[in-house]
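What follows is a set of notes on a single structure, which appears directly below.
What's counted below: heavy atoms across the whole structure, side chains too, no hydrogens, waters or symmetry copies.
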Amino acid sequence: MTIEQKKISLINWITNLEDEAIIDQITGFQKSSLDELPKAIVELLKMAEAEPEENLIKHTSVRDILNMR
């Protein structure tokens with residue numbers, strides 16, 4: 001199984017979860033993995049999270065954003 005297939009499988013599994021305790025565990029894992037990221041990236045992620053939805057840019061690749069310049 002490729003990494004892309006594993007990600008899709010995980011997404012499907014998470015989407016169908018109904019046990020809130022498991023979802024909370026996954027959320028905890030997600031937050032703890034932020035500690036491994038460089039501080040600048042974490043700060044950018046927090047800034048993006050705080051931004052109002054209407055100000056966000058929907059995109060599918062970094063190239064799309066770079067082409068907007």
Side-chain angles (χ1 to χ4, degrees):
M1 184 180 282
T2 67
I3 191 163
E4 289 82 12
Q5 291 170 324
K6 289 178 185 179
K7 289 178 185 180
I8 291 169
S9 177
L10 279 171
I11 290 168
N12 288 331
W13 177 72
I14 291 169
T15 301
N16 292 312
L17 276 176
E18 294 186 19
D19 187 338
E20 192 169 347
I22 293 174
I23 294 171
D24 289 341
Q25 288 175 347
I26 293 169
T27 303
F29 176 71
Q30 179 185 26
K31 287 179 182 175
S32 69
S33 66
L34 286 179
D35 295 335
E36 299 172 10
L37 292 174
K39 188 181 275 188
I41 292 176
V42 173
E43 289 174 12
L44 285 172
L45 291 171
K46 288 179 180 178
M47 287 170 51
E49 182 180 43
E51 194 68 28
E53 186 78 25
E54 59 272 6
N55 292 347
L56 298 178
I57 298 171
K58 296 184 182 194
H59 61 89
T60 56
S61 77
V62 174
R63 289 187 183 108
D64 294 341
I65 292 176
L66 294 175
N67 288 332
M68 292 174 66
R69 290 183 175 183

Are more than 12 heavy atoms from other residues, nucleotides or ligands located less than 6.0 Å from atom CD of E53?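 No, CD of E53 has 12 or fewer neighbouring heavy atoms, counting only those of other groups under 6.0 Å.
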Counting only heavy atoms not in E20, do more than 12 sit closer than 6.0 Å to its CD atom?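 No.
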Measure the [atom1]-[atom2] distance between [X] and [Y] for me, rounded to the nearest 0.5 Å.
X   : Y   : atom1 : atom2 : answer
E43 : K46 : CD    : NZ    : 7.5 Å
L10 : K6  : CG    : NZ    : 9.5 Å
I3  : I8  : CD1   : CD1   : 11.5 Å

Side-chain (S9) to main-chain (Q5) donor-acceptor, under 3.5 angstrom: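 A pair under 3.5 Å: no.
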pair L17-I26: side-chain heavy atoms closer than 4.5 Å: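 Counting from C-beta outward, L17 and I26 do come under 4.5 Å.
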